[in-house]
Amino acid sequence: MRPDTPAENVDHASEAARLERTAELYPEDAEALLLRAAAHRELAGDRPAATALYDRLLVSGTGLDNPALVRALKASNLWEYGHEAEARAIIDGIRTASPRDPAPWVIVAEALESHDELEQAHETFTQAVRLLLTGVTEPPRATHPLLFGRHRVRRMLGAVHDEWDALADSVHTLPITLDELHDPKRVWSLGSENPAELEAEISRLRAELGAYRQALSRPFPVAILHWPADELAELTEAYPALAREYPSYEEHLATTEAALRELASSGTPNLGVVTGTVPSYEAFAASEGTVPGDTTLLPQYATTLAARGRAVAWPPERGTACWCGSGRAYGECHGA
């Protein structure tokens with residue numbers, strides 16, 4: 001269940017509780033699962049419970065993949081129910097730490113923006129853009145919200161376009177320009193009695209909603225299962241019945257890439273790759289009450305890994321490592 005599912009279609013409190021129980025079963029995936037549970041707690045209006053989940057992750061003693069993201073989400077949530085001073089302190093700490101991941105920057109900058117701290121939001125967006133995009137000719141997809149957020153805040157501040165705004169325009173793909181989407185006067189048109197103005201504003205809002213839905217859907221892909229060479233060798237030796245599925249490692253890699261390309265050509269969005277391990281697969285088979293040699297279990301295992309936040313988006317962005325683990329760029333490996 002996605003956290004952006006409308007409240008009338010899901011019991012957010014129950015969904016959060018389910019994710020928390022799943023995190024107990026799979027502690028190695030607790031970070032991804034508890035972050036989604038916290039999102040459901042926020043949507044259910046139980047912000048103190050969401051904060052408790054963020055604190056649970058931060059004090060867990062295990063290495064988090066993205067501690068700055070957890071702190072940013074905690075700060076944003078705290079501010080929403082009156083803990084402004086603590087939220088500001090966390091935001092200052094994140095800015096000082098200067099994480100290399102765009103997500104924490106986006107969250108704290110938008111938290112400042114939503115509370116009318118436009119100058120501080122602009123400074124935060126700008127600091128992040130300079131840190132992550134100086135000297136970069138093609139901004140990665142994950143940095144686009146930084147460029148768009150900075151553009152939006154600068155429009156509200158009445159600032160003239162600069163080189164970063166031009167870069168935001170260059171990566172913007174919707175039919176409505178950023179200047180139109182971020183026009184401060186748009187709010188006035190919502191109260192207009194002119195049908196043409198209202199229709200134009202509805203068109204703009206639909207474009208924005210489409211962009212948000214696309215961004216929200218990316219972390220929940222249709223996933224294809226990939227086995228590293230040593231794991232595949234161990235798997236087929238332990239369960240010979242699976243050798244028919246995986247005649248060789250090279251064929252496994254070629255089949256995986258071919259399946260992804262076929263899904264993409266058929267119009268399937270949000271594709272991803274999940275990497276399996278033999279112990280994890282054996283545990284999954286036991287939880288399903290079947291044997292690991294059952295080939296019908298493989299796609300279910302892939303889906304479960306994706307639901308636990310283990311999927312990597314496909315195709316990788318230009319210049320990033322190939323999904324197969326070769327260490328080479330995707331464009332020089334399976335993307336060639």
Side-chain angles (χ1 to χ4, degrees), residues 1-5 19 26 28-29 31-36 39 64-66 68-70 72-73 99-107 128 132-133 136-149 171-174 210-228 231 252-277 280 298-336:
M1 182 67 65
R2 283 170 38 173
D4 65 313
T5 303
L19 288 165
Y26 303 102
E28 69 276 16
D29 297 327
E31 185 173 354
L33 293 166
L34 292 181
L35 286 180
R36 289 171 61 190
L64 296 176
D65 292 333
N66 198 338
L69 175 61
V70 180
L73 289 166
R100 305 295 301 187
D101 177 26
W105 290 103
V106 173
I107 291 165
L132 301 177
L133 294 179
V136 176
T137 55
E138 187 171 340
R141 183 191 296 272
T143 63
H144 292 186
L146 288 173
L147 291 167
F148 298 155
V171 298
H172 176 68
T173 58
L174 296 177
Y212 278 121
R213 281 177 172 166
Q214 182 182 23
L216 285 166
S217 67
R218 291 193 64 80
F220 307 94
V222 175
I224 299 295
L225 180 60
H226 159 245
W227 298 94
E231 295 288 343
H252 166 53
L253 295 182
T255 301
T256 301
E257 178 70 19
L260 289 162
R261 290 176 182 252
E262 183 177 352
L263 286 168
S265 65
S266 69
T268 304
N270 308 327
L271 299 172
V273 180
V274 290
T275 299
T277 66
S280 169
L298 295 168
Q300 299 175 46
Y301 175 55
T303 300
T304 300
L305 290 178
R308 286 159 51 189
R310 291 289 180 175
V312 176
W314 182 94
E317 294 186 16
R318 182 178 298 180
T320 57
C322 186
W323 56 264
C324 71
S326 65
R328 292 183 294 166
Y330 175 69
E332 300 171 357
C333 192
H334 283 89

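Nothing fancy with the numbering, it's 1 onward along the sequence.
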The criterion is side chain to side chain donor-acceptor pair (under 3.5 Å); which residues satisfy it with [X], sequence neighbours excluded?
X	answer
T304	none
D29	R308, R310
Q300	none
S266	T268

[X]: which residues meet the side-chain contact (heavy atoms from CB on, under 4.5 Å) condition with it, sequence neighbours left out?
X	result
V106	E110, P145, L146
V171	P139, H144, L147, F148
A264	L271, W314
T320	P316, E317

Looking at every heavy atom in both [X] and [Y], which two are closest together, and how far apart are they?
X	Y	value
G276	L305	CA-CD1, 4.3 Å
I224	A259	CD1-CB, 4.4 Å
V70	E31	CG2-OE2, 4.3 Å

Can a donor-acceptor pair be found between the side chains of S280 and Y26 at a distance below 3.5 Å? no

Salt bridge (charged side-chain N to carboxylate O under 4.0 Å, His left out) pairs, two or more places apart, involving residues 322-336: none

What pairs of residues pass the salt bridge (charged side-chain N to carboxylate O under 4.0 Å, His left out) test when at least one of them lies in residues 261-272, not counting sequence neighbours? E257-R261

Is there a side-chain contact between L69 and L35 in this structure, where contact means two heavy atoms from C-beta onward sitting under 4.5 Å apart? yes

Kindly compute the distance separating [atom1] ([X]) from [atom2] ([Y]), expressed to the nearest 0.5 Å.
X	Y	atom1	atom2	value
L132	D101	CG	CG	8.5 Å
H334	T256	NE2	OG1	8.0 Å
N270	L263	CG	CG	12.0 Å

L253: which of C333, S326, C324 passes side chain to side chain contact (heavy atoms under 4.5 Å, CB included): C324

Holding to ring pair (Phe, Tyr, Trp, His ring centres under 6.0 Å), I want the full list of residues that pass it with H226, two or more places apart in sequence or in another chain. H252, W323

